[in-house]
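Only one structure is covered here, and it is reproduced in the block below.
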Amino acid sequence: MASTQAADLLATWEAGLGHDGFGRALLLHRAARPELDGDGEALLSLPVGAREADLFALRRALFGERMQVRLDCAACGEDMEFDLDAGEFARSLGPPGESVLRLAEDGWEVEFRVPAVADLAAAARHPDPRRALLERCLVTVLRDGDAVTADVLPPSLERRIAQAAQDADPAADVTLNINCPECDAATRAELDIASYLWTELDAWARDVLLDVHLLATAYGWSEPEILALSPLRRRYYLELCAP
């Protein structure tokens, strides 16, 4: 079950201030899967789509089903704002398929696995992330029965590998395709749930710390005492001490 206690979430937020996007995503994933918090390897070995599904679940637990998204139209620049139902959207992606896949084409036989979280992190540090990700996920490459290296794969087979991996783990690459209400042009944009959730958590944490400051000043309570209050009771005390 996701960790939704205010003190735990503030600790996640505080730790994330010193990290980049990948580090923050890992911290959020730990909050989503606290039973695996002590096993970093287990989190890193999960398929990317599994992590995204966990983060969608955490987002719903913390902030509800409604997600507000803003995009600029790629054609006319119009500011587009719309709502997504986080639960419905996550379910529409479907469950992951097989983690190890095989393809055959014109004498080629390839076995590969869908990317894990660790693969994305390693590939991002490479000058050619796409090539690095492909090479990390290949298990065996045979040409007419002989083992060969990944660099001789034909582009058509590389595209089939990428498509098969995406089909097997659809939640790994969440892309929105929105028609502009002004010009009707379609705009494609990636929905990075880790970045989206971090932005919300950051705003929430700063609001909560302001509440703590005001209530500590008014009543002399400690931070743990204030965080132990329900959000409703905390809001009521703030209203009582307002000038």
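What you see is a predicted model, and the numbers here were worked out from it, not measured in a lab. Positions are given from 1, in the same order as the sequence printed here.
Within 6.0 Å of the OH atom in Y196, the count of heavy atoms belonging to other residues, nucleotides or ligands exceeds 12.
Listed by chain and residue number, L71, M80, F82, L176 satisfy the side-chain contact (heavy atoms from CB on, under 4.5 Å) test with I178 (two or more places apart in sequence, or in another chain). Partners of S99 according to the side-chain contact (heavy atoms from CB on, under 4.5 Å) rule, which considers only residues two or more places apart in sequence or in another chain, are V114.
In terms of heavy atoms, S45 sits closest to A116 at O-CB, 3.6 Å. Smallest separation of non-hydrogen atoms from I226 and A216: CD1-N, 3.6 Å. When all heavy atoms of W198 and W13 are compared, the closest pair comes out as CH2-O, 3.2 Å. Smallest separation of non-hydrogen atoms from L101 and A168: CD1-CB, 3.8 Å. Across D169 and P47, no two heavy atoms sit closer than the pair OD2-CB, 3.7 Å. Heavy atoms only, all atoms of each residue included: R131 and A150 are closest at NH1-O, 3.3 Å.
L27 belongs to no hydrophobic cluster with other residues, because no ILVMFWY side-chain heavy atom falls under 4.5 Å from its own, directly or through intermediates. Members clustered with L232: none, using a 4.5 Å side-chain heavy-atom cutoff among hydrophobic residues.
Side-chain contact between F56 and L197 is absent, with no heavy-atom pair separated by less than 4.5 Å. Looking at heavy atoms from C-beta onward, V174 lies out of side-chain contact with I193 at the 4.5 angstrom threshold. Under the 4.5 Å side-chain criterion, counting only non-hydrogen atoms from C-beta, L43 is not in contact with V117. A 4.5 Å side-chain heavy-atom check between P129 and L133 finds every atom pair outside the cut-off. V148 places none of its side-chain heavy atoms less than 4.5 Å from the side chain of L142. Taking the side chain as every heavy atom from C-beta outward, L17 and D202 approach each other to under 4.5 Å. Looking only at side-chain heavy atoms (C-beta outward), L210 and D207 stay at 4.5 Å or farther from each other. Counting heavy atoms from C-beta on, the side chains of H29 and L46 come closer than 4.5 Å.
Judged by distance alone, the side chain of E135 and the main-chain N or O of A132 form no donor-acceptor pair under 3.5 Å.
In the hydrophobic cluster analysis, where Ile, Leu, Val, Met, Phe, Trp and Tyr join through side-chain heavy atoms closer than 4.5 angstrom, L58 is grouped apart from V48.
Sorted by first and then second residue, the salt bridge (charged side-chain N to carboxylate O under 4.0 Å, His left out) pairs with a member in residues 93-107 read R102-E111, E105-R160; sequence neighbours excluded. The ring-ring contact (aromatic ring centres under 6.0 Å, His included) contacts involving residues 90-130 comprise nothing, where partners must be two or more places apart or lie in separate chains. Residue pairs meeting the salt bridge (charged side-chain N to carboxylate O under 4.0 Å, His left out) criterion with at least one partner in residues 18-29, sequence neighbours excluded, do not occur; the list is empty. The side-chain hydrogen bond (donor to acceptor under 3.5 Å, both in side chains) contacts involving residues 141-150 comprise T149-D151, where partners must be two or more places apart or lie in separate chains. Evaluation of the side-chain hydrogen bond (donor to acceptor under 3.5 Å, both in side chains) test over residues 176-192, restricted to residues two or more places apart or in two chains, returns none. For residues 208-221, every residue pair satisfying the side-chain hydrogen bond (donor to acceptor under 3.5 Å, both in side chains) rule, not counting sequence neighbours, is listed here: D211-R235. Screening residues 43-68 for salt bridge (charged side-chain N to carboxylate O under 4.0 Å, His left out), with sequence neighbours left out, gives R33-D54, R59-E200, R60-E65, R66-D83. Each salt bridge (charged side-chain N to carboxylate O under 4.0 Å, His left out) pair with one or both residues in residues 118-129, not counting sequence neighbours, appears once here: R113-D119, D119-R136.
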